[in-house]
Number of protein chains: 2
Amino acid sequence: MSLEDHKLKVFCTVAETKSFSKTSEIVHLTQPAVSLQIQALEEYYETKLFDRTSNTISLSPSGEVLYKYAKYILALYSAAEKEIAKITGHTKGNVTIGASTTIGNHILPTVIFDFKKMHPKVKMNIYIENTRKIMELLNTGAIEFGLVEGEMSKYKVTLEPIIQDELFLIIPQNHPWVKRKVVSLAEITKEPFITREDGSGTRQVTEKYFSSKGLKFKDINLAITIGSTESIKEAVESGMGISIVSKWVIRKEIKYGSLVALSIKEGRLNRNFYLVMNKNAIISHAVTEFLTFLREYPYDDLLNS
Amino acid sequence: MSLEDHKLKVFCTVAETKSFSKTSEIVHLTQPAVSLQIQALEEYYETKLFDRTSNTISLSPSGEVLYKYAKYILALYSAAEKEIAKITGHTKGNVTIGASTTIGNHILPTVIFDFKKMHPKVKMNIYIENTRKIMELLNTGAIEFGLVEGEMSKYKVTLEPIIQDELFLIIPQNHPWVKRKVVSLAEITKEPFITREDGSGTRQVTEKYFSSKGLKFKDINLAITIGSTESIKEAVESGMGISIVSKWVIRKEIKYGSLVALSIKEGRLNRNFYLVMNKNAIISHAVTEFLTFLREYPYDDLLNS
DNA sequence: TAATAACATAAAAATTATTTATAAATCATC
DNA sequence: GATGATTTATAAATAATTTTTATGTTATTA
C-alpha cells in the first residue's frame with residue numbers, strides 16, 4: 001500500500017510509456033484497471049487526457065498540463081516520505097533494480113543481503129539482463145535504476161561509475177603457467193582463447209584492450225565463443241582454453257584453486273560498473289538509501305571474503 | 001468525488017482546527033472516519049502525526065513536515081485543476097460561502113442565480129450568520145471565504161472591499177416627510193427611532209456616523225431595538241418609528257412604495273461590504289471563478305431592477 | 001481476410017472507506 | 001475525587017471503490 005496518488009502514478013506511467021498495457025505491467029495492475037483509472041481522471045476533468053485515435057497514444061493539451069503537475073505532485077509525495085523517514089529512521093518501500101549479468105549474479109546478492117539486515121522492510125526486486133535490455137527497462141520505467149557494465153552514452157540517462165572492476169586471464173589449475181603471476185600478450189595469442197559472444201560487455205572491453213596494445217582480435221587463437229561466463233569458467237576448468245574475465249566472477253574458483261588468475265604484462269585491464277538512472281526520475285527514500293549503501297559498500301572486503 | 005488526496009485534506013484540516021470532531025464536520029465525514037484516516041497516515045509513515053496526550057492536539061515533528069508538504073501538494077492539485085479548466089472551459093466543484101445577513105439575504109441570491117446560469121455544475125453552499133460568526137467559520141475552515149459588513153481587522157485574513165453600500169433613513173408611506181428628499185439630524189432626533197441590537201454591523205456604522213456629526217446615540221429618541229432588519233422594516237411600515245438601513249434591504253419596499261428612503265442633510269452614510277479570506281487559503285478553480293464574477297458584477301443594475 | 005495487438009466494457013470479486021454503536025480518556029465543575 | 005460533558009478510539013456492519021476476469025471492439029499487419 002503506497003500513499004502516493006495511485007491515479008496520478010498510473011497516468012504518468014501511461015504518459016511515459018505511451019501504452020496502457022505496458023503501464024499495467026509496470027504498476028502491477030491489469031490492463032482494464034489502467035483503462036479505468038485513466039477514464040476516471042478524464043471523467044473528473046471532463047476532458048480527454050490521451051489521443052487514442054492513431055496507433056500511438058499521445059497526451060492531449062489537458063494531458064500535458066496534468067502531466068506537468070502530476071510529476072511535481074509525485075515528487076513532493078516522495079520528498080515528504082524522505083523527510084519523514086529521516087526523522088523516524090524507518091526505511092521501507094520497494095527498490096527495483098536492473099543489473100547486468102556479472103553484477104547481478106556476483107555482487108548484488110551479498111550487497112542486498114547486507115542492506116536487508118539494516119532495512120528489513122525494504123522489498124528488493126532485481127532484474128538480471130544484458131546491458132542493452134537493462135537500458136530498455138530503464139527507458140520504460142520498469143526499473144528505477146540500472147547497474148551495468150558499459151557506458152551507454154546514447155541513452156538520455158545519468159551515468160555514475162560505482163564499482164571498480166578488473167579483468168584477469170584465467171587458466172585451469174593444471175596449466176603450465178600456474179606458478180607464474182604475469183604473462184605477456186604474445187604468449188596469450190598462442191593459447192586457445194575462449195570468449196563471450198559479440199555484444200557482451202566483457203568481450204567489448206577485452207577487444208578494446210587488445211587493440212590498444214596493437215593487437216587485433218583475429219590475431220588471437222579463438223577456440224570457442226560461449227554465451228555465458230559460467231560456461232566459460234567450466235570450459236577453462238576442463239582445459240579447453242584460457243579466457244579473460246572479471247575478478248568478480250571467479251572469486252570462488254580462485255579460493256578453491258580450480259582456476260588460476262594471472263595478470264597481463266602489458267598492463268592492467270580495468271573498467272567500471274555504472275549506475276544509470278533516468279534524468280527526470282523521482283527517487284523514493286528506499287532507493288536513496290540503497291544508492292547510498294551501494295556507494296559506500298566495502299567491495300574489497302566482499303572480494304576477499 | 002474530488003480528485004485531491006482525501007487523506008491529506010483531512011490531515012490538513014485536523015492540523016488547522018486542532019480537532020478531529022470539528023474536522024469531521026468540515027470535511028463531511030463522521031468523527032471515527034477522521035480518526036481512521038489519520039491512523040492510516042500514521043501507520044503508513046510509521047510515526048505519530050499528532051500528540052493527543054493533552055486536551056489540545058498538536059502536530060508532531062513528522063506531522064509538521066507532512067503538513068508542509070501536504071499544503072503544497074493540495075495547492076498543486078488545485079492549480080492543475082485550474083489550468084485544465086482554463087483549457088476546457090468547464091467549471092465545477094463546490095463554493096462554500098459565509099455571508100452576513102444583508103449580503104446573504106439581499107445580494108447573494110441574485111448573484112448566485114446569475115453565476116449558476118454561466119456555471120451550472122458548480123455547487124454553491126451559503127451560510128448566513130452575523131459577521132462575528134462568519135469570521136469564526138472562516139477561521140475553522142468551514143467556509144472558503146466570507147462576505148461581511150464590518151472590517152474585522154483583528155483576524156489574520158485578507159480584506160478586500162467588494163460591494164459598495166449606502167444607508168438611508170426610512171419612513172412609512174404615510175409619514176409627513178414623504179414629499180421631502182432630505183432631512184436633518186436635528187429632525188431625526190425628534191422622531192421615535194428603531195434600531196438593531198448592539199453588535200449589528202448596521203447599528204455600528206450608524207452610531208459611528210452620529211458621533212462623527214457630534215451626536216450621541218442616547219440623544220436619539222430610541223423607540224425599540226429589534227434583532228432583525230426585516231422586523232425593523234415592518235415596524236417602520238406600521239408607523240412605530242423611523243430607522244436607518246442599507247439600500248440593499250429596501251429595494252422591494254421602495255419599488256412598491258410601502259417605505260420611503262430619505263437622505264440625511266449632514267452627509268451620506270457610506271460603507272463597504274468586504275470579501276475576507278484566510279491568508280494561506282488554497283483556492284479552487286470554482287471559487288476563483290466565483291470571486292471574479294463577484295468583483296465584476298453590475299450591482300447597480302441589480303439595485304435598480 | 002485472418003491473425004495479432006491494443007484498448008474498452010461489463011459483471012463479479014476483492015479491497016477500502018465510512019458509518020453506527022459503543023467504549024475509553026480527558027477536563028471542568030461541583 | 002466523583003460527575004457530567006466533550007473528545008478521541010475501537011469494532012462490526014455497511015457502503016463505496018478498485019481490481020480482476022471474461023469478453024468485445026478497433027486498428028494494424030501479414
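Residue numbers begin at 1 in each chain, while the letters A, B, ... track the order of the sequences.
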*Check the distance between dT7(D)'s P and Asp51(B)'s CG and give it to me in whole angstrom.*
19 Å
*Contact residues, residues 22-34 of chain A to DNA chain C [heavy atom, < 4.0 Å]*: Gln31(A), Pro32(A)
*asked:* Tell me whether Lys116(B) at atom NZ has more than 12 heavy atoms from other residues, nucleotides or ligands lying less than 6.0 Å away.
replied: yes
*For Leu41(B) and dA17(C), give me the distance from atom CG to atom C1', rounded to whole Å.*
13 Å
*Between Lys121(A) and Glu289(A), is there a salt bridge with N-O shorter than 4.0 Å?*
no
*Quick one: is Gln39(A) getting a side-chain N or O under 4.0 Å of the dC7(C) phosphate, OP1 or OP2?*
no
*Looking for any heavy atom pair under 4.0 Å, which part of the strands does Leu36(A) touch: base, sugar-phosphate only, or nothing?*
base
*What's the CD-P distance between Glu42(A) and dT9(C), to the nearest Å?*
10 Å
*Write down the distance between CD (Glu43(B)) and C1' (dT10(D)), rounded to a whole number of angstrom.*
13 Å
*What integer distance in Å separates Gln37(A):CD from dT15(C):C1'?*
13 Å
*For the pair made of NZ in Lys7(B) and P in dT17(D), what is the distance, rounded to whole Å?*
14 Å
_Whole-Å distance separating the CD1 atom of Ile57(A) from the P atom of dT28(D)_ = 13 Å
*May I ask you to evaluate whether Ser35(B) reaches the phosphate of dT8(D), defined as a side-chain N or O under 4.0 Å from OP1 or OP2?*
no
*Is the cationic atom of Lys92(A) (NZ for Lys, CZ for Arg) positioned less than 6.0 Å from the six-membered ring centroid of Tyr44(B) and within 45 degrees of its normal?*
yes
_Using only atom types and a distance under 3.5 Å, with no angle test, would you say the side chain of Glu144(B) pairs donor to acceptor with the backbone of Thr96(B)?_
yes
_Which label fits Tyr72(B) and Tyr72(A): parallel for a plane angle under 30°, tilted from 30 to 60°, or perpendicular past 60°?_
tilted
*asked:* Side chain of Ser19(B) only, heavy atoms from C-beta on: which candidate in dT8(D), dT18(C), dC7(C) is closest?
replied: dT8(D)
*asked:* Working to the nearest 0.5 angstrom, can you tell me the gap between Ile84(A) CD1 and Glu81(A) CD?
replied: 8.0 Å
_Does a side-chain N or O of His6(A) approach OP1 or OP2 of dT17(D) to a distance below 4.0 Å, or not?_
no
_Value rounded to 0.5 Å, distance of CZ in Phe273(A) from CD in Glu149(A)_ = 5.5 Å
_Side chain of Ser21(A) - closest among dT18(C), dA8(C), dA6(C)_ = dA6(C)
*CZ of Arg52(A) versus P of dA5(C): gap in Å, rounded?*
21 Å
*Is the phosphate of dA6(C), meaning OP1 or OP2, less than 4.0 Å from a side-chain N or O of Lys18(A)?*
no
